[in-house]
Amino acid sequence: TDPLVHHGRHFGRSIHALCNMHALINNGIIRIGERAEDPEDDFTPQEQREHRVFCALLKSIPGLEEKLMGANSEEDIQSIAAMLQKGASSARSDDTKSLKSAIIDWIVSPGEPLMPPISRNAKTGRGFHHEVTGALLCPAGLDWTDAEIRDKLRTGELSVPGDQWPLFLFNSYAYDDTDPSKGLLKSSILVKTFKHIFTSPSSVEREAKATRSGNARIHGMTGVTRGSIAYAATQARFALSSSGVFNRNDTITDSERFYNSILEYLEDPDEADDVNTLMAWWNRQVFPNYVPNSRPVSKNSALARIKAKR
DNA sequence: ATCCAAAGGCCTGCCATCTC
DNA sequence: GAGATGGCAGGCCTTTGGAT
């Protein structure tokens, strides 16, 4: 496969999922031109955000900038964008597929039966239809033990927009309304989802059985990123929900708004202190033994090949 | 009619272990 | 040690189904 597809997979998982690659790249190139002409040019906050993502894209894929600048037709750029998009989309799809069954093992304590049982390969019966997934998805601040609230969530009378965060994001699934950031993004289910995607499915258990490099290693990922945490949260939220089809624009599941709201929080300068502490915590959870260049890499490993390309 | 996502099958790469 | 073997993980292909 084309290396751009490969890079697109990791970009989607770690920097920005759910974006339109064509627009991202086209707008990015235009903005570079405008900035060169008029450095004083002001961009809207939205444009500035998009441009930061574009710069991260250029930075994360060696040779991409040259490739884009050297493209001599609109078509060339379109095909580059299409490859990256394909990578991001297929990675997202592979992860939803894989998490769909895996997450069932993480929502009750080991050994405890799940009542009623949830099918590993179907989404019906999840979401607010089930006591356990419902409690996890219930917006922080609402009381899932209240029968009236449960009913309204089930019927949809009470709809939950993506920026109203569910309880499963919080450590021990406990929300403290006097301190809303307490335990935020520190739940075990989120860490497990992250490990499943980035370090390997078996690394979720205490003793990893992996014999092959996981995604983080394949792509030389050495620490968590804001995008990767938001991505794991979005995948977990979708896996717990009853909706069967992942769709960016679906207003019921509202995954894109959810993803962006997490990302916004993590990038908010006003939250920088909390977020830096949080990121350090994540790195200890997920990459505890990481020391730069400490591991020998076999000559033919994917990582070695990637390094050789740089 | 077209597009996209889901699902399962399949293939390949990687690593640990075995066997000689 | 070198080569064979087996299992795990990631990714690709194909089919299917639903939405637009």
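Keep in mind that the numbers below use all heavy atoms, side chains included, and drop hydrogens, waters and symmetry copies. In what follows, chains are A, B, ... by sequence order, proteins preceding strands, each numbered from 1.
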R9(A) vs dG11(C): side-chain N/O to OP1/OP2 distance below 4.0 Å: yes
Sugar-phosphate only, base, or nothing, as touched by N247(A) at under 4.0 Å among non-hydrogen atoms: nothing
Nearest-angstrom distance from the residue atom CG of N20(A) to P of dC3(B): 15 Å
Among dG10(C), dG9(B), dA5(B), the nucleotide that comes nearest once only the side chain of S200(A) is considered: dG10(C)
Nucleotide dA5(B), atom C1' - distance to CD of Q235(A) in whole Å: 12 Å
Cation-pi, F238(A) ring and K123(A) (6.0 angstrom, 45 degrees): yes
Listed nucleotide nearest any side-chain atom of R217(A), set dC15(B), dA6(B), dG8(B): dC15(B)
Test: R31(A) cationic atom under 6.0 Å from F54(A) six-membered ring centre, within 45° of axis: no
Nearest-Å distance for atom pair CZ/C1', residues F246(A) and dC4(B): 12 Å
Touch class at under 4.0 angstrom, heavy-atom based, for R120(A) against every strand present: nothing
Given DNA chain C, 5'-ward residue of the pair V245(A) and T199(A), judged by closest heavy atom: T199(A)
Interatomic distance, D95(A) CG vs dA6(B) P [rounded to whole Å]: 11 Å
First of S89(A) and D94(A) reached from the 5' end of DNA chain B, by closest nucleotide: S89(A)
Distance-minimising heavy-atom pair for I80(A) and L68(A): CD1-CD2, 3.9 Å
Within-4.5 Å side-chain heavy-atom neighbours: L158(A) and R150(A): no
Nucleotide dA6(B), atom P - distance to CZ of F238(A) in whole Å: 5 Å
F198(A) side, atom CZ; M221(A) side, atom CE - distance, nearest 0.5 Å: 4.5 Å
Sugar-phosphate only, base, or nothing, as touched by T96(A) at under 4.0 Å among non-hydrogen atoms: sugar-phosphate
dG11(C) phosphate, OP1 or OP2, under 4.0 Å from R92(A) side-chain N/O: no
Integer-rounded Å distance: dG13(B) P and I218(A) CD1: 12 Å
Residue-phosphate contact under 4.0 Å: S202(A) side-chain N/O, dA9(C) OP1/OP2: yes
For atom NE2 of H7(A) and atom P of dG11(C), their distance in whole Å: 12 Å
N215(A) CG - dC14(B) C1' separation (whole Å): 13 Å
Position toward the 5' end of DNA chain C (nearest nucleotide), P201(A) or K86(A): P201(A)
